[in-house]
Amino acid sequence: MSSHPVAETVASLMPRARTELTELVAFKSVADFDQFPKSESEGAANWVADALRTEGFQDVALLDTPDGTQSVYGFLPGPEGAKTVLLYAHYDVQPPLDEAGWTSPPFELTERDGRWYGRGAADCKGGVIMHLLALRALKANGGVPVHVKVIAEGSEEQGTGGLERYAEEHPELLDADTIVIGDTGNFRVGLPTVTSTLRGMTMVRVQVDTLEGNLHSGQFGGAAPDALAALIRVLDSLRAKDGSTTVDGLSAHATWEGLAYDEEQFRKDAKVLDGVELIGSDAVADRIWARPAVTVLGIDCPPVVGATPSVQAGARALVSLRVPPGVDAAEATKLLQAHLEAHTPWGARVRTEQIGQGQPFSADTTSPAYTAMADAMAVAYPGQEMQYAGQGGSIPLCNTLAALYPQAEILLIGLSEPEAQIHALNESVSPEELERLSVAEALFLQNYAGN
């Protein structure tokens, strides 16, 4: 780690950062109020608001967004005539999945083997702490040289678009010269990385019906059309033999021009079982950053335990399609729905419904903000040059902000490197990454103010 004064300050603040992240992770702030109490999300929102007030932020507010959640906003004024930088993170988290599968309780920050484990530790409550650390380090070293806006979203993981709609209705609120999205991650621990592209996403629910009700498989099986079998055939049509995505009319041949992703490293990062092949063809980076990718997220059908010998009358699935830069997510949705309907066999009745969408994003990496970040990363990560990578995930707010503020430069950094296992069991954050990226963000704000 660098001996820069900002770095020394951040290092001294790390014990406090751990305490704060412990408090924030303890909120079960999953923005699905059928599964988790709304009070947990409200508690996390109030924690963030209190933290901003403590740092001297003005106009701190809990914004009631149209999807029924709250985003936290605050403004920290800088010197007169200074540039304005918006810092983004989200305090909502993915559900913990099978809590019994966690080595330590998902909502109790636990140190193990040099990492801090807990749901949201990296994605993205750690991002909230990163912003706080950077600002505190600047205050201790001459002050914050820019106007700072902070926005902490409350429903990013749900994709319900509350903050996007709110921003569109209040376009002056998040206006900034540069926007730092603290919700991505380094390509690997210790390799400073900005994310220059994001795949978008669409989600479609598909329902297949064939009978008025379930039938005895011994009496009717063999001639009665099985809705679950029809659904399985529909879903299988979304993949070629090698596992690559095949949606009629949707191109799947783009290539990635940036950082290469070694196939063996990917197998290790993804924890692919020995002997199991990767799906798709060509370079791994092409497959995960530049091309569409379909995933079946869930299927409604009888569980194995308690199943009866029946021909199923109906079945449904939730299908996700990751949409690469250069493809309109709305058009991809239409193609996916048309494909599902066209490939439903036996004249079965099929209904499709879109339930979520986010556009892909591509940044301008030639902008002054990227130069300022590269210089900051070089100090925070001595001997390492900043890399450009894509990300398979989507952050719908990016495109909303890019449309609202076309002059703004948008940078994406964060704590979700592969070892973090975001969205999975045993999510964790590297405290070293939290420290270094906080230093990088602080130095970026200094560099950018001087441009």
Side-chain angles (χ1 to χ4, degrees), residues 30-36 65-69 90 92-95 97 123-124 153-165 183-184 197-209 230-232 234-239 243-252 279 287-289 291-301 314-344 350-361 390-400 416 422-424:
V30 179
D32 180 348
F33 304 137
D34 291 331
Q35 292 189 69
F36 290 85
T65 57
D67 61 358
T69 65
H90 62 85
D92 70 303
V93 298
Q94 285 282 337
L97 306 174
D123 182 26
C124 179
E153 188 174 3
S155 57
E156 191 275 341
E157 299 292 6
Q158 296 301 311
T160 44
L163 182 55
E164 291 102 276
R165 303 293 83 75
D183 191 26
T184 58
T197 65
L198 297 168
R199 286 193 297 195
M201 180 189 69
T202 184
M203 286 195 292
V204 170
R205 186 184 292 132
V206 54
Q207 172 81 40
V208 176
D209 296 294
L231 177 63
I232 290 169
V234 173
L235 298 178
D236 184 59
S237 73
L238 293 168
R239 294 191 185 278
S244 57
T245 293
T246 53
V247 174
D248 294 345
L250 187 61
S251 175
I279 61 173
R287 291 178 247 177
I288 65 171
W289 296 334
R291 295 179 182 176
V294 72
T295 305
V296 179
L297 301 181
I299 299 178
D300 285 340
C301 61
R316 68 175 183 168
L318 182 61
V319 177
S320 162
L321 178 66
R322 297 288 176 172
V323 182
V327 176
D328 178 63
E331 181 61 26
T333 301
K334 293 176 184 176
L335 292 173
L336 176 60
Q337 290 179 293
H339 179 106
L340 293 168
E341 292 162 6
H343 288 264
T344 300
V350 57
R351 299 195 310 276
T352 61
E353 176 189 6
Q354 181 191 12
I355 62 168
Q357 178 182 291
Q359 291 287 358
F361 171 79
Q391 180 148 307
S394 62
I395 304 175
L397 183 66
C398 275
N399 285 85
T400 301
S416 299
I422 64 168
H423 294 203

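Keep in mind that what you see is a predicted model, and the values were worked out from it rather than measured.
The shortest distance between side-chain heavy atoms of Leu198 and Cys398 falls below 4.5 Å. Side-chain contact between Asp183 and Leu397 is absent, with no heavy atoms from C-beta onward closer than 4.5 Å. The shortest side-chain heavy-atom distance between Val234 and His339 does not fall under the 4.5 Å cut-off. The closest side-chain heavy-atom distance from Glu156 to Cys124 is not below 4.5 Å.
Panel note: side chain Asp123, backbone Ser416; no donor-acceptor pair is recorded below 3.5 Å. Put simply, the side chain of Thr246 gets close to the backbone of Ser237: a donor and an acceptor are under 3.5 Å apart. No donor-acceptor pair under 3.5 Å is formed between the side chain of Arg205 and the backbone N or O of Ile355. The backbone N or O of Ile288 lies less than 3.5 Å from a partner atom in the side chain of Arg199, making a donor-acceptor pair.
For the side-chain contact (heavy atoms from CB on, under 4.5 Å) criterion with Leu238, the lone passing option out of Val319, Thr245, Leu321, Asp248 is Val319.
The two atoms that bring Thr197 and Pro325 nearest to each other are CB-CG, 3.7 Å, heavy atoms only. Across all non-hydrogen atoms, the minimal contact from Ala330 to Gln357 is CA-OE1, 3.4 Å. Heavy atoms only, all atoms of each residue included: Leu250 and Ala332 are closest at CD1-CB, 4.4 Å.
To the nearest 0.5 Å, atoms CG (Leu336) and CD (Glu331) are separated by 11.5 Å.
Using a 4.0 Å cut-off between charged nitrogen and carboxylate oxygen, Asp67 and Arg165 do not count as a salt-bridge pair.
Partners of Asp300 by salt bridge (charged side-chain N to carboxylate O under 4.0 Å, His left out), not counting sequence neighbours, listed by chain and number: Arg316.
The closest side-chain donor-acceptor pair between Thr352 and Gln337 falls under 3.5 angstrom.
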